[in-house]
Structures are given as structure tokens and as C-alpha cells.
Amino acid sequence: MEYLSLFIGATLVTNIILASFLGICPVIGVSKKVSSALGMGGAVIFVTVVSSAATWLIYHLLLVGLGLEFMRTIVFILIVASLVQFVEMFMKKFTPALYKVLGVFLPLMATNCAIIGAALINIDRDFTFTSTIVHAFGVSIGFTLVIFIFSTIRERLETSNTPEGFKGVPIALVVVTIMAMGFFGFVGLGS
Amino acid sequence: MSNQVSPTETVNVPTTKYNYKALLTDGILKENPVFKYMLALCPALAITSNTFNSFGLGIITLIVLVTTNTAISIIGRFVPNEIRIPIYITVIAVAVTIMEMLTHAFMPALFSALGLFIALVVSNCLVLGRAEAFASKNSVVASFCDGLGNGLGFLFAMIVLGFFRELLGTGAIDFDGIFGFRLFPQEYAIPLFIQPMGAFATLGVIVGITASVSILKNHKKTQKKGA
């Protein structure tokens, strides 16, 4: 039950994009097509869960023991970057079809602040290992949900009649505002 | 996004002579990283509900950007091409950690207000973007100017966003007690603007208006030519 409320809280209430403002660049950048949005979402789910687990283990087993907590930013970003690199090489060799679908989104994930943000939040909120996994999964599901909904709206926006100056990113930001208002209704749920 | 030029493409082939004035001033209005290229959106949206915090993070990012741009332009030519991104990220992470510790020590109030977002300067696409697109290929002085120009552009965007959001959301500006004024009473303020969704709306409207203005300007120019 405790894990369920943590999961719902991370997915809907403190949604990583609409409430915590992390990972906005990929949402604006790769949400033009539903298929690429889903590909990005899948990659983010995988990397967030694995990197959250890895950073939690390294922080609690290595950095705390050595008294090097202040090094966490440097260590975490390196873990995320090397993990992204590893995932890319692994997929290229063993699942070439999936690798083709994700293509350019894979290397982009090293600068996705949702992933490093989730890893830092896990530490800041003193989660246990299981909570960390649940939280990371919830966060990345929330990311995928928003990028999917947003991409379906954006496909429609392409053909709609928008003022000249607002075409593209500005109208997309206004749409995100309305989505954020909708997600604001979840406040109080699950926590 | 298709009509935008990515920042990597705007960097000219390095020449022996740099236009230092353009490097310093282009980033502020003409090539503003936030309003024009949609880079570094996460911090620009997350902590701009208050002018002072926006100013604080703007300054921290400015210092990090200048330091890393300078450092990377020095080491750029010695770094093997295959592992350049992890090396740049490490350099950036070192600068960010130093800034994080300095803020914690000397400005604890600002440190707790900004929270996670100081550490997240490390994944700020503007910092890595300038390192990769400009500093790694250009001279030290030019990279310093480029970092300063883009940092000032980011700071400018942060202040504009923070100013409008605080003013519309609370009816007053309070710059950490240093200066402040009240435009209209609290009852008439629109709290939406200091809540998360107000950030998207403010940025969307600002970008939309600037794009509309430049379209209008071009329109007038072509009309004049035609007449």
C-alpha cells in the first residue's frame, strides 16, 4: 500500500514534467510524433530505473562509507552517462530493431535532467532500496504518460490554425500549461 | 522546432579574428539561449516564481558557463574525440560541485530555496551545448566571451521570467529586501503565475510575442521593398 501511494504520487501528483520541471527539453524536442515519443518514454523508463538502483547502491555503499557525499553530483552524472553509453552498445548488438527505433534519443539521455533528478531525489528523500526502485519507476511512467499525451495533441496542432508567431514551440508551451492545470487536480491523491 | 537553427550550426568555422563584441552581446537578445533556442528550459521554468531566486541561479549558471567554457577550450585539443562528452561532463560537474559548496557556505538561504536545481546545472543543456559547439573548437579568449555572452543571455531570460511571474502572481516585486514595490494589491493577483503551470504560460506567451514581432518586422520590410 505504501509503495502504491509512492508510485501514484511520483506518477501523477508530483509529475516529473508538469510539477517538478525536469526533463522538459526532450518533451518539447521529441514530441512531434507519437511513435518517437513512445520510444523516448521506453528508453527513459529503462535508464531511470537502472541508474536509480545503481546510484543508490554506490551512494550508500561507497560514498557514505568513504565520507565523500559531496562528490555525488560528479559520480551520479558519470554513472548516468556511462549507463546510457552501455545501453546504446548493448542494444546495438542484441536488439538492433529496438536500437533503430530509438536512434538518436539514446545519447540524448545523458543530459536528460529527469534521470539525474530522480537519482538525486531518491537520496534527498532518504528512500530505502525498494522505495527507490518504485519511485524511479513511477517517475519514468509519469514522464512517458505526459510525453505520450502531449505528442497526440501536438500531431493535431500541426494541422490547426494557429497565429503565425505562435506556431511550433510557443503554442506547445500553452498546451502544456493546460495539461499542467489538469494534473494539478491530482494534488492530494496518494500522499 | 523545424524552423529553428540548432546552436551547433550557427558556430562559424574558426577564423583567426573573432568579433568579440558580437560574442558578448549576441547571446543576450538576438541569440538568446532560452527564448530563441529553447535550451536550459528546466531551470528557466522551475525556479522563476521569484525574481531573487531566478537571479541567483542565473548568476550560478553564468559562473559555471564561463569557467567550463574557458577550461574546455584549454583542454579541448588534447581530448580524444571518442571520450570527449564524458570528459566535458566531468569538468562541468566539478565546476557545479564547487559552486554548490560555495552557495551552501555563503548563501544558505538561496541554497535551500534552489535545492536540487544547483546540482542540476550539471545536466543543463546550455552548458554542455556551448562546450561541445563552441569551446572545444575555439580559442580561450573567444570561449570566455562566448560563455559570458550566453550566460548573460540566460541570466536575462531568468530575470524577465521571474519578474513577470512574481509581479502577476503576487502583485509585487520583493528582491530579497534590497528593493521592491507593489503594483497592485494581493487580492487582485493571479496565483496561477507563481504555480508550476504559470511558468509554461509565461514562457509560451513571451516566445510567441517575440516571434510575432519579428514576423511583423520582416513583413514590413518586404512590403517596403515591394512598394
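Because the structure is predicted, anything quoted here is derived from the model rather than measured. To find a chain, count down the sequence lines: A is the first, B the second, and so on, and within it residues start at 1.
Atom CZ of A:F46 is surrounded by 12 or fewer heavy atoms from other residues, nucleotides or ligands within 6.0 Å. Applying the 6.0 Å contact sphere to CZ of A:F137 captures no more than 12 heavy atoms from other residues, nucleotides or ligands. For A:H60, the NE2 atom sits in a packed shell: over 12 heavy atoms of surrounding residues, nucleotides or ligands are nearer than 6.0 Å.
Of all residues spanning residues 200-214 of chain B, those with a heavy atom less than 4.5 Å away from chain A's heavy atoms are B:F200, B:A201, B:L203, B:G204, B:V205, B:V207, B:G208, B:I209, B:A211, B:S212, arranged by number. Contacts of residues 62-75 of chain A with chain B at a heavy-atom distance below 4.5 Å involve A:F70, A:R72, A:T73, A:I74, listed in sequence order. Residues of residues 65-78 of chain B never come closer than 4.5 Å to chain A when only heavy atoms are counted. Proximity to chain B among residues 115-136 of chain A is limited to A:I116, A:G117, A:L120, A:I121, A:D124, judged by heavy-atom separations below 4.5 angstrom.
When all heavy atoms are compared, the tightest approach of A:I77 to B:A93 is CG2-CB, 3.9 Å. The two residues A:G23 and B:C42 come nearest to each other via the heavy atoms N-SG, 3.5 Å.
Residues A:I178 and B:M197 have side chains not in contact (no heavy-atom distance under 4.5 Å, counting atoms from C-beta outward). Side-chain contact between B:F117 and A:L22 is present, with heavy atoms from C-beta onward closer than 4.5 Å.
In this structure, chain A has no heavy atom under 4.5 Å from any part of B:I47. Contact annotation for A:F183: neither backbone nor side-chain heavy atoms come within less than 4.5 Å of a heavy atom of chain B. Heavy atoms closer than 4.5 Å to chain B are found in the backbone of A:S20, but not in its side chain.
Summarising the geometry, atom CG belonging to B:L192 is positioned 9.0 Å from atom CZ belonging to A:F184; distances are rounded to the nearest 0.5 Å.
Contact tally against chain A (heavy-atom pairs below 4.5 Å) for B:L45, B:V96, B:L41: the top residue is B:L45. Ranked by heavy-atom pairs shorter than 4.5 Å toward chain A, the options B:P43, B:A44, B:A46 are led by B:A46.
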